[in-house]
Amino acid sequence: MLKTESLSKRYDKQTACKDICLSIKEGQVFGLLGPNGAGKSTLVKMLIGLVRPSSGQANIMGRAAGSLEIRHKIGYLPEMFRFYDWLTGGELLRFFAQVYRLPAHQEKLAIQEVLELVGLQGREKDKIKNYSKGMQQRLGLARAVLHQPALVFLDEPTSALDPLGRRDVRDAIKRLQQKGTTIFLNSHLLGEVEMTCSHLGFIKKGQLIAAGPVEDFISKEQDIIVEVKNFDNKLLIRWNKEGRSVRVNEHLLHLNAVNREEVPLIIREITEAGGMIYRVESRSRGLEEVFVDLIENDGAVLK
């Protein structure tokens, strides 16, 4: 669906993006992560044709990114946007239906479908100036996918929304993916990305430093804390021989499991040995830790 080769952008002496090599397949939800000023927005603008690369190339569906032919097949929701707020939501969508050159006999159905997609059905006759920020964000998403693009670029689509607004946009993205739409998501909200994306890329100082499926970055290993009394130290000896990392601090037992399925087996071992369990906490390595490792520590502790 999308491929770049050594894509770069320089402004005088400043390099915004350097040698970006990226490949995104059809149907993926790709999340680009990086700190402010890392080059995320510049990369997106090159891909949609708003910024001309200094060197390298980008192709979408086998054609040069930014070409008129490809612009008809992509959608774009910028981070900062303003609509004509004296219009109603329906009027705005009808205007863009004409911009996208939708056939007149398809216009009404297309508008109804995107309003349903983003949860704005019944509000299309309201003035945009009376829309909440979340409603405007959903209207922006509706406008971006009105012409049923094969690839949609979303630049910080949930950054200014409350939890309910984020959920609405997240649900809309999932429905688009189910329809086969490929999505390129720009965000710094790690929790949203972790719940939404199938693939990730990390950009730092204009360079792509890692990319791959989400599961490549989030460890399946579990860190377990067990509050236990009457713990049998014979278990501790055996676990140490097996190479399991275990620490005991008064009544708290700290150990690791290979995956979630191993957690109940460990708890059963403790209880069968006479241990009395009062509390169990289990967590995996989250995306925030991965992000810090890559961005602040140059990936030094990335598995």
Side-chain angles (χ1 to χ4, degrees), residues 1-11 16-17 20-32 39-84 87 89 91-107 109-111 113-115 117-118 136-157 169 172-173 175-177 179-187 199 201 203 208:
M1 176 60 71
L2 185 154
K3 186 174 183 180
T4 69
E5 295 181 2
S6 301
L7 193 65
S8 302
K9 179 61 182 178
R10 291 177 295 276
Y11 295 99
C17 287
I20 301 292
C21 295
L22 181 64
S23 179
I24 299 175
K25 294 182 179 180
E26 184 178 355
Q28 290 182 357
V29 179
F30 179 85
L32 183 64
K40 300 190 299 296
S41 293
T42 299
L43 176 57
V44 169
K45 289 176 181 178
M46 284 194 287
L47 295 176
I48 65 176
L50 291 180
V51 169
R52 186 184 298 274
S54 301
S55 60
Q57 62 181 5
N59 291 306
I60 296 176
M61 291 176 277
R63 303 284 185 176
S67 64
L68 185 60
E69 180 182 3
I70 288 302
R71 289 189 186 189
H72 283 295
K73 298 179 180 180
I74 66 174
Y76 175 50
L77 176 63
E79 178 182 6
M80 304 296 291
F81 62 87
R82 289 290 302 273
F83 291 138
Y84 312 116
L87 296 177
E91 289 170 342
L92 182 88
L93 293 177
R94 285 194 292 274
F95 169 76
F96 276 100
Q98 295 176 34
V99 172
Y100 294 139
R101 298 179 182 177
L102 289 182
H105 67 279
Q106 295 181 7
E107 180 180 305
L109 179 59
I111 291 174
E113 287 180 348
V114 294
L115 286 171
L117 173 72
V118 301
Q136 291 186 32
Q137 197 81 3
R138 284 182 279 160
L139 181 64
L141 180 57
R143 191 272 307 160
V145 301
L146 179 62
H147 57 307
Q148 297 184 342
L151 173 62
V152 181
F153 293 90
L154 306 176
D155 197 351
E156 301 285 1
V169 172
I173 290 173
R175 288 194 290 271
L176 284 170
Q177 183 190 24
K179 291 184 176 182
T181 306
T182 306
I183 298 168
F184 188 111
L185 177 66
N186 230 4
S187 182
H199 291 71
I203 188 170
L208 191 69

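Heavy-atom basis, side chains included; hydrogens, waters and symmetry copies ignored. Counting from 1, the numbers follow the sequence of the chain as shown. On a predicted model such as this, the values are computed, not experimentally measured, just so you know.
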**OP:** Could you check Val152 against Ile173 for side chain to side chain contact (heavy atoms under 4.5 Å, CB included), going step by step and ending with a plain yes or no?
**Re:** CA-CA 10 Å; Val152 181; Ile173 290 173; over 6 Å; no

**OP:** Could you tell me which residues satisfy ring pair (Phe, Tyr, Trp, His ring centres under 6.0 Å) with His199, sequence neighbours excluded, listed by chain and number?
**Re:**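 Once residues adjacent in sequence are excluded, His199 has no partner under the ring pair (Phe, Tyr, Trp, His ring centres under 6.0 Å) criterion.
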
Subject >> By ring pair (Phe, Tyr, Trp, His ring centres under 6.0 Å) - contacts of Phe184 (at least two apart) >> reply: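 For Phe184 the ring pair (Phe, Tyr, Trp, His ring centres under 6.0 Å) partners, ignoring immediate neighbours, are Phe30, Phe153.
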
Output the distance between atom [atom1] ([X]) and atom [atom2] ([Y]), rounded to the nearest 0.5 Å.
{"X": "Asn186", "Y": "Ser41", "atom1": "CG", "atom2": "OG", "value": "5.5 Å"}
{"X": "Thr4", "Y": "Asn59", "atom1": "OG1", "atom2": "CG", "value": "9.5 Å"}
{"X": "Leu2", "Y": "Lys25", "atom1": "CG", "atom2": "NZ", "value": "13.5 Å"}
{"X": "Leu154", "Y": "Ser187", "atom1": "CG", "atom2": "OG", "value": "10.0 Å"}

Subject >> Leu7/Cys17 under side chain to side chain contact (heavy atoms under 4.5 Å, CB included): CA gap, chis, key distance, verdict >> reply: CA-CA 7 Å; Leu7 193 65; Cys17 287; over 6 Å; no

**OP:** Could you please spell out the steps behind the side chain to side chain contact (heavy atoms under 4.5 Å, CB included) verdict for Leu77 and Phe81?
**Re:** CA-CA 8 Å; Leu77 176 63; Phe81 62 87; 3.9 Å; yes

Tell me which donor-acceptor pairs under 3.5 Å the side chains of residues 46-57 have, and how far apart each pair is, sequence neighbours excluded?
| unit_1 | atom_1 | unit_2 | atom_2 | d |
| --- | --- | --- | --- | --- |
| Ser54 | OG | Arg10 | N | 2.8 |
| Gln57 | NE2 | Glu5 | OE1 | 3.3 |

**OP:** With sequence neighbours excluded, tell me which residues meet salt bridge (Lys or Arg N to Asp or Glu O under 4.0 Å) with Arg63.
**Re:**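 For Arg63, the residues satisfying salt bridge (Lys or Arg N to Asp or Glu O under 4.0 Å) (neighbours in sequence not counted) are Glu69.
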
Subject >> Listed partners of Arg143 passing salt bridge (Lys or Arg N to Asp or Glu O under 4.0 Å), at least two apart >> reply: none

Original post:
For Ala142, which residues count as a side chain to side chain contact (heavy atoms under 4.5 Å, CB included) partner, sequence neighbours excluded?
Top reply: Leu93, Val114, Val118

Subject >> Which residues share a side chain to side chain contact (heavy atoms under 4.5 Å, CB included) with Ala97, sequence neighbours left out >> reply: Leu102, Glu107, Leu146

Where [X] and [Y] come nearest, the two heavy atoms and their spacing:
{"X": "Cys21", "Y": "Ser6", "answer": "SG-N, 3.4 Å"}
{"X": "Ala144", "Y": "Pro149", "answer": "O-CG, 3.6 Å"}
{"X": "Ile183", "Y": "Leu151", "answer": "N-CD1, 4.4 Å"}

Original post:
Under the side-chain hydrogen bond (donor to acceptor under 3.5 Å, both in side chains) rule, what pairs show up with a residue in residues 71-84, not counting sequence neighbours?
Top reply: none

**OP:** Can you tell me which residue pairs pass the salt bridge (Lys or Arg N to Asp or Glu O under 4.0 Å) test with a partner in residues 39-51, sequence neighbours excluded?
**Re:**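 Listed once each, the pairs would be none.
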
Original post:
Within the side chain of Thr182, is there an N or O that forms a donor-acceptor pair under 3.5 Å with the backbone of Gly27?
Top reply: yes

**OP:** Can you establish whether the number of heavy atoms outside Gln106 located under 6.0 Å from its atom CD is more than 12?
**Re:** yes

Original post:
Is the CD atom of Gln148 crowded by more than 12 outside heavy atoms at less than 6.0 Å?
Top reply: no

Subject >> Leu32/Leu43 under side chain to side chain contact (heavy atoms under 4.5 Å, CB included): CA gap, chis, key distance, verdict >> reply: CA-CA 10 Å; Leu32 183 64; Leu43 176 57; 3.8 Å; yes

Original post:
Got a sec, which residues hit side-chain hydrogen bond (donor to acceptor under 3.5 Å, both in side chains) with Thr181, two or more places apart in sequence or on another chain?
Top reply: none

